[in-house]
Number of protein chains: 2
Amino acid sequence: MPRGKCCGQRWWQGKLQGCGYRVTAGREAILDILSKSAGHLSAEDIYLKIHARDANVGLTTIYRTLDVLSDVGMVSKLDFGDGRARYELAEGPQGARHHHHLVCTACNKVIDYTDFIEEEVELLKQTEKGLEKKYDFHITGHVIQFYGLCRACSEGK
Amino acid sequence: MPRGKCCGQRWWQGKLQGCGYRVTAGREAILDILSKSAGHLSAEDIYLKIHARDANVGLTTIYRTLDVLSDVGMVSKLDFGDGRARYELAEGPQGARHHHHLVCTACNKVIDYTDFIEEEVELLKQTEKGLEKKYDFHITGHVIQFYGLCRACSEGK
DNA sequence: TTGTTAATGAAAGCCATTTTCATTAAGGAG
DNA sequence: CTCCTTAATGAAAATGGCTTTCATTAACAA
């Protein structure tokens with residue numbers, strides 16, 4: 001077994017077990033699919049990919065697993081306003097780097113951008129600090145997202 | 001009939017008719033409720049308020065009217081991630097002033113804040129410009145929102 | 001006043017997600 | 001390695017916000 005793969009498994013197995021969750025084939029499969037896809041998969045996307053690749057993991061389990069993985073902090077749940085949740089590997093040593101999303105409201109294409117991120121993050125950090133103090137809130141997250149029409153959708157109209 | 005009220009009515013009646021929509025009792029009632037409530041009402045909230053105040057407007061009509069009012073730009077549709085849309089009077093001469101939202105993920109309380117707004121708006125504007133150019137997008141909107149636990153929910157745990 | 005057509009409401013439908021419940025299997029104890 | 005406790009799973013049913021359908025009503029222009 002290749003060293004890299006082994007270490008990767010160790011990593012998420014430890015994280016799951018450390019949080020009191022069991023390591024199962026379904027969880028492994030879902031995590032594997034997320035790590036090999038370019039983000040933004042819906043539960044059904046994952047369901048289809050899992051069934052295409054090999055075998056049986058019910059939709060229910062996919063939803064439950066995604067909850068677990070969110071809980072553990074390995075996966076981020078995204079909302080692009082189209083009525084279904086999307087999931088991507090959370091940023092971190094194993095995941096992608098920090099980015100925000102630009103969503104086409106016509107074709108639902110999503111662009112991850114990292115430009116301007118530094119300024120955004122800096123402003124968000126300051127604002128969070130200010131809001132926490134002023135409103136006595138413990139801030140745990142934020143959403144910053146842009147919506148619009150991509151080139152194709154803009155012209156096709 | 002008081003002058004203020006008359007002018008207020010004129011205003012939205014004109015706006016509706018100018019966009020080819022008819023003026024109906026239901027639309028008047030919904031708009032009135034929105035203007036007298038402190039923001040963030042769900043369709044069902046409005047439904048209950050309408051039935052408490054006087055009479056019959058079906059939930060279907062409320063959804064349809066809110067769509068119309070969004071279309072005309074009189075109402076903003078909000079998404080706080082709890083699975084139901086919220087609506088508030090759009091900012092403008094008749095509506096509230098520009099603000100963003102701070103959401104408690106435990107009790108769903110929402111705080112409108114205007115602090116830090118100038119900087120946020122400025123950054124958003126610049127980022128939009130950059131993204132439009134780089135990704136050839138026509139940006140039509142954005143979401144910036146903070147999530148966390150309010151004082152009460154933080155302690156009650 | 002009348003005619004056209006948008007607006008309405010009740011009921012049915014839609015669909016992502018959740019719940020229920022009986023079955024299976026992870027992983028610690030022995 | 002085997003047992004045992006309990007989490008994990010899947011199928012099916014349920015949930016719930018929202019939308020569609022369709023027959024009826026009412027805006028408002030002529």
Side-chain angles (χ1 to χ4, degrees), chain A residues 9-10 12-33 40-51 54-72 74-87 108, chain B residues 9-10 12-33 40-51 54-72 74-75 77-87 105 108:
Chain A
Q9 283 187 2
R10 279 253 180 68
W12 62 261
Q13 289 182 359
K15 188 127 190 175
L16 276 179
Q17 294 183 317
C19 294
Y21 293 110
R22 293 181 181 173
V23 173
T24 69
R27 288 171 182 173
E28 174 170 21
I30 291 171
L31 220 30
D32 191 56
I33 282 174
H40 318 145
L41 279 66
S42 67
E44 198 188 346
D45 289 338
I46 295 170
Y47 178 82
L48 293 177
K49 277 179 187 287
I50 277 194
H51 283 245
D54 50 68
N56 251 354
V57 177
L59 236 196
T60 312
T61 294
I62 292 178
Y63 278 109
R64 280 188 287 223
T65 297
L66 289 169
D67 275 352
V68 167
L69 296 176
S70 290
D71 180 46
V72 174
M74 300 175 74
V75 160
S76 303
K77 185 175 185 177
L78 309 173
D79 176 5
F80 296 146
D82 66 341
R84 62 181 60 198
R86 312 276 169 163
Y87 302 84
N108 289 320
Chain B
Q9 284 187 2
R10 280 249 179 73
W12 62 261
Q13 290 182 358
K15 189 128 191 177
L16 275 179
Q17 294 183 317
C19 293
Y21 292 110
R22 294 180 179 172
V23 173
T24 68
R27 288 171 183 174
E28 175 171 21
I30 291 171
L31 221 28
D32 190 56
I33 282 173
H40 318 142
L41 278 66
S42 67
E44 198 188 347
D45 290 338
I46 296 172
Y47 180 82
L48 293 177
K49 277 180 187 285
I50 277 194
H51 282 245
D54 50 65
N56 251 353
V57 177
L59 236 197
T60 313
T61 294
I62 291 178
Y63 278 109
R64 279 188 289 223
T65 296
L66 289 168
D67 276 352
V68 166
L69 297 176
S70 290
D71 180 48
V72 173
M74 300 174 74
V75 160
K77 186 175 183 176
L78 310 172
D79 177 5
F80 297 145
D82 65 343
R84 62 181 59 195
R86 310 279 169 161
Y87 302 85
T105 51
N108 289 319

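Sequence lines set the chain letters: A, B, ... in the order given, protein chains first and strands last, and positions in each chain run from 1. Reckoned from all heavy atoms, side chains included, excluding hydrogens, waters and symmetry mates.
Nearest-nucleotide positions on DNA chain D for A:Arg27 and B:Asp82 put A:Arg27 closer to the 5' end. Where B:Thr24 and A:Val23 meet DNA chain C, the nucleotide closest to each residue was compared, and B:Thr24 sits on the side nearer the 5' end. Map B:Arg22 and B:Lys77 each onto its nearest nucleotide of DNA chain D; the residue landing nearer the 5' end is B:Lys77.
You'll find the side chain of B:Lys77 stays beyond 4.5 Å of the side chain of B:Leu66, heavy atoms only. Side-chain contact check for A:Arg22 versus A:Gln17: every heavy-atom pair is 4.5 Å or farther apart. For the pair B:Ile46 and B:Glu44, the minimum side-chain heavy-atom distance is 4.5 Å or more. Side-chain contact between B:Asp45 and B:Arg86: present, with at least one pair of heavy atoms (C-beta onward) separated by less than 4.5 Å. Using a 4.5 Å cut-off on side-chain heavy atoms (C-beta onward), B:Asp67 and B:Tyr63 make no contact. Two residues are said to be in side-chain contact when any heavy atoms from C-beta on lie closer than 4.5 Å; B:Tyr87 and B:Leu41 fail this criterion. Between B:Tyr21 and B:Lys15, every side-chain heavy-atom pair lies at or beyond the 4.5 Å cut-off. A 4.5 Å side-chain heavy-atom check between B:Leu16 and B:Thr24 finds every atom pair outside the cut-off.
The separation between A:Leu59 atom CG and D:dA14 atom C1' is 15 Å, rounded to whole Å. Look at CG on A:Asp67: it is 15 Å from C1' on D:dA7, rounded to the nearest Å. Taking atom CG of B:Leu66 as the reference point, atom C1' of D:dG17 lies 13 Å away to the nearest angstrom. Between the P atom of D:dA26 and the CG atom of B:Asn56 lies a distance of 12 Å, rounded to the nearest Å.
Between B:Tyr63 and D:dC18 there is a side-chain polar atom (N or O) within less than 4.0 angstrom of OP1 or OP2. Between B:Gln17 and the phosphate of D:dA27, there is no side-chain N or O to OP1/OP2 separation shorter than 4.0 Å.
If you walk DNA chain C from 5' to 3' and mark each nucleotide with an atom closer than 4.0 Å to a heavy atom of chain B, the marks span C:dT5 to C:dA11.
Residues B:Ile62 and B:Ala43 share a closest heavy-atom pair of CG2-O, 3.8 Å. Considering every non-hydrogen atom in both A:Leu69 and A:Ile30, the closest pair reads CD1-CG2, 4.2 Å.
When ring centroids are compared, A:Phe80 and A:His40 come within the 6.0 Å threshold.
Each end of the helix from C:dT1-D:dA30 to C:dG30-D:dC1 gets its own rotation axis from five pairs of C1' atoms, and the angle between them is 30° to the nearest 10 degrees.
The stretch residues 41-50 of chain A has no heavy atom under 4.0 angstrom from DNA chain D at all.
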